[in-house]
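On a predicted model such as this, the values are computed, not experimentally measured, just so you know.
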Amino acid sequence: MEYLKYYIDDDEENDNITSPPLLPTISNNSKKTENTNNNKNKNNNSNNNNNSNNNNNNKSNNNKNYNKRSIDLIEPTIDDDIPDIPLNLFQNINSNNNIIKENTSNSITATENKRIRLFEHVDGNYPSFIFLKIPKYRNDISDLINQVKEIGNQVGIREDLNDYHISLSKTFPMREHHIESFSNELRKILKNQRPFNIKLADHCCSFINENQSRIFLSVPIDIKFKNPVLKLIERIDNCLQLFKFPKYYNEPEPHLSISSDLLIMDQERSDEESDDTKERLKNYKNKEIIKDDITNSDTIQVNKVYWTIGKYEYSIELL
C-alpha cells in the first residue's frame, strides 16, 4: 500500500468553520454615524495590519522551519479498485489467447451431433433459415410421425430429429448488422401473403443434404397442395437475393423431415453392422420413395412464417 504525505498548519487545522452571520438591518438615519465609525476603524485596522505584517515577517525570518504536522493519506492502488479476475474465465481461453464464446447456434449443435457444417463457423455469423411449423401434437400428425419413425428403424435411418418443420430456405450465415434490415424486408415481402392449407403425401422419401454427408427420411407435401408453398418460396428467394444470401434449391420439394442418419463412417459407433448400413444407405437416391401407402394426415393451415437467426426466432402472421 502506498502513502502520500500531506502537510497542514496546526493553526489551520484548529480553525473553526462556521456559517456566515446574518447581517443586521441598518436604518437610513444611522448610516452617517456608521460611516464615521467605519472610517475610524479603517485607520485603526490599517495600523494594526502594518504591525501584524511586521510581526509575520519577523516570524518568517526567525523561524523558517515552523512547526508542521504530517498526516498519512492512503492512496488507492489498482488492487483496491479492480476485483480479482475469476479463475473460470481462463477456462474459456484457448492457446491463441482467443476467448471461446458460448454458442448455442445450430452450427455448433450440428457439430456435436456429428453433422458436417455446410459453411465455416465464423464469429459474428448466425446460422439462419426460414420455415413452417408443423402441429406435431395433433393426433393425426403424431401418428404419421410415429409411423415414419418405425420405417426409419427398419431401413437404418434412426436418429429422431424432434424439431419438425418444413424448410422454405437453405441454412445460411447472417451477419449481425443484417438481422434487423433482413427481418424488416422479409416482413414487407410477406405482408400481403394470404394463409393457405397444405397436406402431407401418403409416402415417405429419402433426401440427401448438399455435401452428401447425411440422409433424411421425410414426407413431402402432397402434389395437389404444393403450388402455394412453391410461390411462397419464390417470394422468400426474392428477399434472400437482395442480401446476396443463397436461394432455395432449383427444383424445390418441400417436405417434413422426421429422422436422419450419417452417410459417412462414424468412428465412435463403427462396427460391422453400422458400416453395412451406411453402405446400404448410400444406395438411396435423393427424393427416392422408400415406402408408399402410409397413413397421411388431414390438412394443415399455414397462417404463419417463421425464421431463426442464431438462437432467436422471428415470425409473421399471414393475413
Inset, instruction - Check the pair Val219, Ile294 against side-chain contact (heavy atoms from CB on, under 4.5 Å), reporting the backbone distance first and the verdict last. - result: CA-CA 10 Å; Val219 180; Ile294 64 175; 4.3 Å; yes

Inset, instruction - Look up atom OG in Ser260 and atom CZ in Arg214, then write down how far apart they are to the nearest 0.5 Å. - result: 4.0 Å

Legend entry - Spacing of CD1 belonging to Ile208 relative to NZ belonging to Lys285, to within rounding of 0.5 Å: 10.5 Å

Inset, instruction - Look at atom CZ of Phe243 and say whether more than 12 heavy atoms of other residues, nucleotides or ligands are closer to it than 6.0 Å. - result: yes

Legend entry - Side chain His165, main chain Asp163, donor-acceptor under 3.5 Å: yes

Inset, instruction - Report the distance from atom CD of Glu234 to atom CD1 of Ile189, rounding to the nearest 0.5 Å. - result: 11.5 Å

Inset, instruction - Report yes or no: does Thr171 contribute a side-chain atom to a donor-acceptor pair with the main-chain N or O of Phe129 at less than 3.5 Å? - result: no

Inset, instruction - Could you tell me whether Gln212 atom CD has more than 12 heavy atoms of other residues or ligands within 6.0 Å of it? - result: yes

Inset, instruction - Would you give the length of the straight line joining atom OG of Ser128 to atom CD1 of Ile179, rounded to the nearest 0.5 angstrom? - result: 7.0 Å

Legend entry - Within 6.0 Å of NZ in Lys226, more than 12 heavy atoms from elsewhere: yes

Legend entry - Within-4.5 Å side-chain heavy-atom neighbours: Leu232 and Leu190: yes

Legend entry - Value rounded to 0.5 Å, distance of NZ in Lys304 from CG in Leu132: 12.5 Å

Inset, instruction - May I ask you to decide if Pro173's main-chain N or O and Asn125's side chain share a donor-acceptor pair within less than 3.5 Å? - result: no

Legend entry - Shortest non-hydrogen contact from Phe196 toward Ile198: CE1-CG2, 3.6 Å

Legend entry - Salt-bridge present (Asp222, Lys224; N to O < 4.0 Å): no

Inset, instruction - Could you note down all residue pairs passing side-chain hydrogen bond (donor to acceptor under 3.5 Å, both in side chains) where residues 186-203 supplies at least one of them, sequence neighbours left out? - result: Gln193-Arg235

Legend entry - Non-hydrogen side-chain atoms of Phe131 and Thr308 separated by less than 4.5 Å: yes

Legend entry - Aromatic ring proximity Phe245/Phe182, centre distance under 6.0 Å: yes

Inset, instruction - State whether the side chain of Ser181 and the backbone N or O of His178 hold a donor-acceptor pair below 3.5 Å, judged by distance alone. - result: yes

Inset, instruction - Please say whether more than 12 non-hydrogen atoms of neighbouring residues, nucleotides or ligands are located less than 6.0 Å from CG in Asn283. - result: yes

Legend entry - Over 12 foreign heavy atoms within 6.0 Å of NZ, Lys291: no

Inset, instruction - Can you establish whether the number of heavy atoms outside Gln154 located under 6.0 Å from its atom CD is more than 12? - result: yes

Inset, instruction - To the nearest 0.5 Å, tell me how far Ile236 CD1 sits from Ile130 CD1. - result: 5.0 Å

